[in-house]
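Single-structure report; data block below.
These figures come from a predicted structure and were not determined experimentally. Remember, it's 1-based here, ligands and their atoms both numbered in the order they're listed.
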Amino acid sequence: MADTDPSAKFEKISDSASRRIARFIEPFRVSPGSKVNLAKDFDPAFEGGIKKKEDGVALLNEGIELLATYQARLAAQDTYGVLVVLQALDAAGKDGTIRHVMSGVNPQGVRVESFKVPSSRELDQDFLRRYQERLPSRGEIGIFNRSHYEEVLVVRVHPENLVRQQLPAETREHHVWKRRYEAINDWERYLSENGFRIVKLFLNLSKEEQRLRFLRRIDLPDHNWKFSSHDVEERRFWDAYQEAFSEMFSHTSTASAPWYVIPADRKWFARIAAAAVIAHTLIDIDPQYPTLSEDALRDLGAAKVALESEVPSAAAPNANGDAARATPPGKLIQKDG
Ligand code: AMP
Ligand code: MG
């Protein structure tokens, strides 16, 4: 960083890099108001012109670095929060995507929340409650590994889940899914208006690639732990899920919180695309390190004088062999190297 002005803004990503990211993710965005037919509209094997995995590695590293930089600024500004919603069918790579995409980010600034089958306590609450309770705070990136969208996915595909929710009959019977989409849209708008940006990612896996990944989990001993016969049973509901996803995209991709359908047959590509969508949102927020007020700068100067006056009178050499000496207040101490 240039010299020592503590109020210097962190270097901004170039406009052309920002436009390149926007162009790259555009094909994955579900236009608000469009009617989606998942199988027809989105190709799980799409590779976006990146021919080789090796070319992708550099891009992913670039994305990871961007996320790390922007996450630090998001935390310092402490004004906006980001909620990343991750949905997918089994074996689409949710866990690996989180691991890779967030690998450069300070763990203190990221919170991953996984949602399983609801407990009996959760079933006794309104359907958005458990998600509300695990939202990120300002300055944080929260990742929902599965999310409130399960309430219109698994619950829709297996209606016995809805029965377990003990809803009053009149709310269960009339347009229950439409009303859930509306409730979700309202809730997300409320969050956006309060400074929480929502990034919605669906990892789009083909049925054949899921079959191959399940087989690999069976064949490779160190992958066995990932295999669940429940996942294979769930595969029988493939078409019902495709339909539930299509409906969900059609109703809940909004201007403030659009869905992105990420091609997921190539894990490396899915990771690049996911990182790019999250980076795009952070670039758009453009969080800034806070600039200190005159008063705060004066306090800083006073603290510096006080600390420097503590130098032992013999002025012992420091680790670099230099004699410790007072530096003018307001100057940052430069790191070595
Ligand atoms: P996993 O993420 O593979 O550990 O599995 C979590 C399981 O919880 C999946 O089978 C989901 O379908 C299920 N699940 C998550 N949310 C809900 C929900 N709201 N209602 C019913 N089942 C759910
Ligand atoms: Mg599972």
Side-chain angles (χ1 to χ4, degrees), residues 38 83-102 111-135 142-167 171-172 176-185 187-188 198 200-205 207 209-218 222-249 251-252 259 262 264 267 270 274:
L38 182 57
L83 172 64
V84 178
V85 166
L86 203 49
Q87 284 293 156
L89 288 176
D90 293 304
K94 292 196 303 296
D95 298 319
T97 299
I98 295 170
R99 198 169 59 243
H100 282 84
V101 168
M102 290 297 153
R111 192 171 347 153
V112 183
E113 300 283 358
S114 300
F115 294 96
K116 312 282 180 188
V117 177
S119 67
S120 54
R121 186 173 151 269
E122 287 169 337
L123 287 171
D124 269 351
Q125 301 169 343
D126 66 277
F127 83 95
L128 285 174
R129 169 96 159 255
R130 68 171 184 158
Y131 308 98
Q132 170 76 32
E133 283 175 355
R134 287 153 82 178
L135 286 170
I143 300 179
F144 277 4
N145 182 351
R146 301 186 190 272
S147 69
H148 48 298
Y149 284 100
E150 291 294 341
E151 302 292 338
V152 293
L153 292 167
V154 66
V155 178
R156 183 167 191 175
V157 171
H158 299 287
E160 60 272 24
N161 287 302
L162 193 64
V163 175
R164 254 182 250 128
Q165 294 187 0
Q166 311 255 58
L167 299 171
T171 63
R172 207 179 331 127
V176 57
W177 308 118
K178 268 221 167 87
R179 273 190 288 105
R180 283 201 166 187
Y181 297 139
E182 281 165 19
I184 288 171
N185 289 342
W187 185 57
E188 292 184 355
I198 302 161
K200 302 190 296 205
L201 305 175
F202 169 65
L203 301 184
N204 189 24
L205 187 70
K207 195 173 184 187
E209 182 62 22
Q210 189 194 53
R211 187 181 74 90
L212 296 173
R213 290 186 189 178
F214 282 166
L215 279 173
R216 211 170 308 139
R217 289 177 176 188
I218 294 168
D222 61 340
H223 281 52
N224 286 170
W225 65 273
K226 287 191 196 175
F227 182 78
S228 141
S229 52
H230 175 262
D231 292 351
V232 176
E233 279 163 40
E234 215 44 14
R235 182 176 159 80
R236 292 192 289 119
F237 295 90
W238 184 273
D239 291 341
Y241 271 108
Q242 297 291 303
E243 213 166 291
F245 275 115
S246 298
E247 279 274 297
M248 178 190 86
F249 294 136
H251 288 95
T252 62
W259 271 105
I262 305 291
K267 284 181 183 171

_Please check this pair: side chain of R134 against backbone of S114, looking for a donor-acceptor N/O pair closer than 3.5 Å._
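Checking the backbone N and O of S114 against the side chain of R134, a donor-acceptor pair under 3.5 Å is found.
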_Treating E122 as the side-chain partner and S119 as the backbone partner, does any N or O pair qualify as donor plus acceptor under 3.5 Å?_
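A pair under 3.5 Å: yes.
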Go through ligand 1 atom by atom and flag the ones less than 4.0 Å from a non-hydrogen atom of [X].
X: R130; value: 16 (N), 17 (C), 18 (C), 19 (N)
X: E151; value: 19 (N)
X: V155; value: 20 (N)
X: E150; value: 15 (C), 16 (N), 17 (C), 19 (N)
X: N161; value: 21 (C)

*Have a look at Y149 and tell me which of F127, W187, F245, W259 forms a ring-ring contact (aromatic ring centres under 6.0 Å, His included) with it.*
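Among F127, W187, F245, W259, the one meeting ring-ring contact (aromatic ring centres under 6.0 Å, His included) with Y149 is W259.
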*Does ligand 1 have a heavy atom under 4.0 Å from the side chain of S228, from its backbone, from both, or from neither?*
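Under 4.0 Å from ligand 1, S228 contributes no heavy atoms.
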*Is it the side chain (CB and beyond), the backbone, both or neither of V117 that lies under 4.0 Å from ligand 1, heavy atoms counted?*
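Both parts.
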*For Y149 and ligand 1, answer yes if some heavy atom of the residue is under 4.0 Å from a ligand atom, otherwise no.*
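No heavy atom of Y149 comes that close to ligand 1.
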*Contact between H230 and ligand 1, counting heavy atoms under 4.0 Å?*
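Judged by the 4.0 Å heavy-atom criterion, H230 does count as contacting ligand 1.
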*Flag the pair W177 / H251 as yes when their ring centroid distance falls below 6.0 Å, and as no otherwise.*
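They do not qualify: ring centres at least 6.0 Å apart.
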_Just checking F249 against F202, ring centres under 6.0 Å apart?_
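Yes - the distance between ring centres of F249 and F202 falls below the 6.0 Å cut-off.
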*Salt-bridge contact R146-D90 (side-chain N to carboxylate O under 4.0 Å)*: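 Salt bridge between R146 and D90, a charged N being under 4.0 Å from a carboxylate O: yes.
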_K178/E182 ion pair, N-O < 4.0 Å_ =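 So K178 does not pair with E182 through a salt bridge.
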*Between E122, K116, R146, Q165, which one has a non-hydrogen atom sitting closest to atom 11 (C) of ligand 1?*
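It is R146 whose heavy atom sits nearest to atom 11 (C) of ligand 1.
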